[in-house]
Amino acid sequence: MSVTTEDIGEEAASGNLSTGNLTHALQQAISWKLSDPGIKISQLEPLEGGSSRLTFSFMANSESGMDAKLVLRMDPPGVARPGSLVTEANLMLAALDAGAPVPRVIMTSDDESILGAPFVIMEFVEGISNPRSILRDPSLEKLRPNLAGMLGQALAKIHSIPLEAAPGLVQIDLLSQLRNQLDQLGEARPVLEMAIKALEQSRPKSMGTTVVHGDFRNGNFIVANDGVRAIIDWELSHIGDPIEDLGWLCVRTWRFNGPGPVGGFGAYNQLIFAYEHASGRVFDRVLLRWWELACTLRWAVMSLMQAQAFLQGSHRSLDKALLGRRVCEVEWDILALLNSMKR
Amino acid sequence: MALSDAPPLNELITAVMEYLQTEIVPEAVGEKKRLATIAYSVLAVVDREYTLGYKLNTDYSRLLATLGVTDEEELARKIRNNEIDINSADLKKALRQITTMKLMIASPAFLERARKEAEAAQKRQAAKTEA
């Protein structure tokens with residue numbers, strides 16, 4: 001799948017990321033990939049997204065009849081993480097093979113001479129991904145009561161991806177990772193220490209070793225009234241315990257004040273039953289609660305890391321400043337979960 | 001008596017908040033609007049800390065003292081080294097109170113919502129036990 005400098009020239013190798021340059025470089029790359037020199041790229045526009053990547057949508061048309069809306073995702077030039085986007089793209093292809101709803105990948109490369117940074121090009125999926133719209137948009141009325149179950153089924157598919165089909169993913173034991181991150185933060189917080197101690201003391205048996213999406217939450221799926229169209233943002237994918245993805249989906253932050261514990265719209269049992277039925281992995285509410293606590297702790301640690309980026313000056317922004325003061329919200333959730341684990 | 005003349009600090013903060021709310025937020029669009037709203041929230045935190053901070057800090061020190069520590073760092077270290085039992089009712093109660101006090105400054109709306117949710121959950125639990 002890789003393209004070399006000789007193939008399409010060095011137009012974008014300068015790293016100058018103007019829309020004009022990028023459009024031109026994209027046109028050359030896609031023409032080469034699809035062996036169609038007549039392809040024209042237009043309407044290159046940035047897409048909103050909370051990730052560390054640059055994301056654009058654009059149109060690709062050609063006289064031979066191509067008329068497609070596509071998405072470009074790339075590392076910001078200068079802070080490329082070689083291998084990472086290509087791993088993500090290969091995983092998305094494997095997810096498609098496994099039957100999971102995921103945008104079709106058209107092209108990916110680590111070669112920074114093509115667009116100025118590693119990138120992936122995929123189809124644009126029409127639908128709604130804004131979490132608040134997912135919770136409130138009247139056009140999704142029929143979908144909402146079934147969404148938690150549909151997501152359970154999608155997760156079962158993701159977790160069925162053969163490990164050898166997703167090379168380059170790192171194996172992560174969430175609890176050990178959290179312990180290391182807490183130690184590295186250098187800011188000891190009693191509630192977080194209490195949480196990790198409780199998690200260590202009640203560690204459940206593993207439910208297997210699978211691909212884990214790693215950021216499976218309200219905001220990272222595209223839906224329409226007829227169902228889940230695509231799972232996106234595979235940036236944090238890794239190998240781990242599959243129930244981690246279910247726990248993350250239930251973290252209160254991702255409910256956006258909606259009433260249902262699953263993403264703000266669903267009930268625990270809907271998610272558990274659908275996932276059990278589709279995956280064959282049988283577990284109970286207690287196990288999911290352990291993972292919800294572990295994932296809530298993960299969000300506290302991630303928030304603290306972002307607040308530190310503000311404090312140390314590497315990322316000055318109002319959002320990150322406020323995030324530091326909001327860690328106590330996550331700590332409240334942790335205390336409530338610890339309380340409910342005793343019942 | 002304070003060195004600085006009127007208006008006091010909280011009046012100055014409130015003046016900027018009012019300016020953001022009436023002049024900036026309604027007219028800003030997109031990212032600017034989002035950030036102006038966050039700027040307002042940041043000042044609201046400053047305002048609450050100014051008003052509540054002194055009393056809450058006194059309560060906070062007293063709470064930590066009941067656990068035999070002087071700061072959260074020390075408490076966290078003791079939990080990590082198993083010098084305090086994480087199932088201790090006193091510890092849980094104190095951490096709950098400390099978190100509540102932090103929320104009173106940082107996020108009172110969250111606190112109110114979370115308390116209501118907890119009450120509702122308790123009622124459901126009680127109903128279940130009765131049945």
Side-chain angles (χ1 to χ4, degrees), chain A residues 46 48 50 178-179 182-183 185-202 252-253 255-261 264 267 293 300 303-304 307 310 316-343, chain B residues 30-31 34-46 48-49 64 67 69 71-82 84-89 91-111 113-115 117-118 120-122 125 128-129:
Chain A
E48 271 183 50
L178 288 170
R179 179 71 270 168
L182 277 174
D183 289 346
L185 272 172
E187 182 190 358
R189 298 181 68 111
V191 174
L192 306 189
E193 286 299 329
M194 190 161 138
I196 201 152
K197 191 88 11 182
L199 287 165
E200 283 165 355
Q201 287 172 4
S202 61
R252 192 223 283 259
T253 307
R255 297 178 199 167
F256 297 91
N257 296 334
L293 175 61
S303 301
L304 280 170
F310 167 82
R316 301 290 291 181
S317 82
L318 275 174
D319 312 53
K320 292 207 168 13
L322 197 57
L323 207 49
R325 285 293 187 113
R326 292 269 162 92
V327 174
C328 55
E329 292 181 357
V330 192
E331 288 179 328
W332 173 282
D333 292 339
I334 286 175
L335 289 170
L337 279 164
L338 281 169
N339 213 20
S340 74
M341 279 174 82
K342 293 290 157 204
R343 284 196 201 125
Chain B
E31 185 66 0
R34 193 181 71 83
L35 287 173
T37 311
I38 294 178
Y40 179 91
S41 303
V42 169
L43 286 179
V45 174
V46 178
R48 287 189 295 266
E49 180 150 332
L64 287 172
L67 296 170
V69 296
D71 54 34
E72 284 191 66
E73 188 84 32
E74 188 186 354
L75 181 56
R77 211 169 40 241
K78 283 194 164 174
I79 294 171
R80 169 142 209 207
N81 299 336
N82 298 317
I84 293 186
D85 176 13
I86 60 163
N87 296 310
S88 138
L91 175 67
K92 281 191 199 165
K93 199 175 150 201
L95 288 179
R96 185 110 180 157
Q97 282 175 320
I98 288 172
T99 306
T100 302
M101 295 192 303
K102 288 184 184 194
L103 285 167
M104 284 167 73
I105 289 171
S107 196
F110 175 94
L111 184 61
R113 209 166 45 236
R115 274 179 166 157
E117 268 177 39
Q122 254 175 5
Q125 192 68 29
K128 240 189 223 170
T129 319

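Per chain, numbering begins at 1; letters A, B, ... match sequence-line order.
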Quick one: do Leu338(A) and Ile86(B) satisfy side chain to side chain contact (heavy atoms under 4.5 Å, CB included)? Show the steps, please. CA-CA 10 Å; Leu338(A) 281 169; Ile86(B) 60 163; over 6 Å; no
Could you check Arg80(B) against Arg179(A) for side chain to side chain contact (heavy atoms under 4.5 Å, CB included), going step by step and ending with a plain yes or no? CA-CA 11 Å; Arg80(B) 169 142 209 207; Arg179(A) 179 71 270 168; 3.4 Å; yes
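Within the model, atoms CD1 of Ile105(B) and SG of Cys328(A) stand 9.0 Å from one another, a figure rounded to the nearest 0.5 Å. Taking CD1 of Ile196(A) as the start and CD1 of Ile79(B) as the end, the distance is 12.0 Å to the nearest 0.5 Å. Atom CD of Glu193(A) is separated from atom CG of Asn81(B) by 9.0 Å, given to the nearest 0.5 angstrom. Taking CZ of Arg96(B) as the start and CH2 of Trp332(A) as the end, the distance is 4.0 Å to the nearest 0.5 Å. Note that CE of Met194(A) is 9.5 Å distant from CG of Asp85(B), once rounded to the nearest 0.5 Å.
Donor-acceptor pairing under 3.5 Å is lacking for the side chains of Glu331(A) and Thr99(B). Between Lys197(A) and Asn82(B), the side chains place a donor N or O and an acceptor N or O closer than 3.5 Å (distance only, hydrogens not considered).
Between Arg252(A) and Glu117(B) a salt bridge is recorded (basic side-chain N to carboxylate O distance below 4.0 Å). Using a 4.0 Å cut-off between a side-chain N of Lys or Arg and a carboxylate O of Asp or Glu, Arg325(A) and Glu49(B) qualify as a salt bridge.
At a 4.5 Å heavy-atom cutoff, the contact between Leu91(B) and chain A is made by side-chain atoms alone. Looking at Leu111(B), the atoms closer than 4.5 Å to chain A (heavy atoms on both sides) all sit in the side chain, from C-beta outward. Both the backbone and the side chain of Val42(B) come within contact range of chain A, with heavy atoms under 4.5 Å apart.
Put simply, the side chain of Lys92(B) does not reach to within 4.5 Å of the side chain of Leu335(A), judged on heavy atoms. Residues Arg326(A) and Phe110(B) form no side-chain contact, since every pair of their non-hydrogen atoms from C-beta on lies 4.5 Å or further apart.
For Gly186(A) against Glu73(B), the heavy-atom pair with the smallest separation is O-OE2, 4.5 Å. In terms of heavy-atom proximity, Leu35(B) sits nearest to Asp319(A) at CD2-OD1, 3.4 Å.
Applying the 6.0 Å contact sphere to CZ of Arg255(A) captures more than 12 heavy atoms from other residues, nucleotides or ligands.
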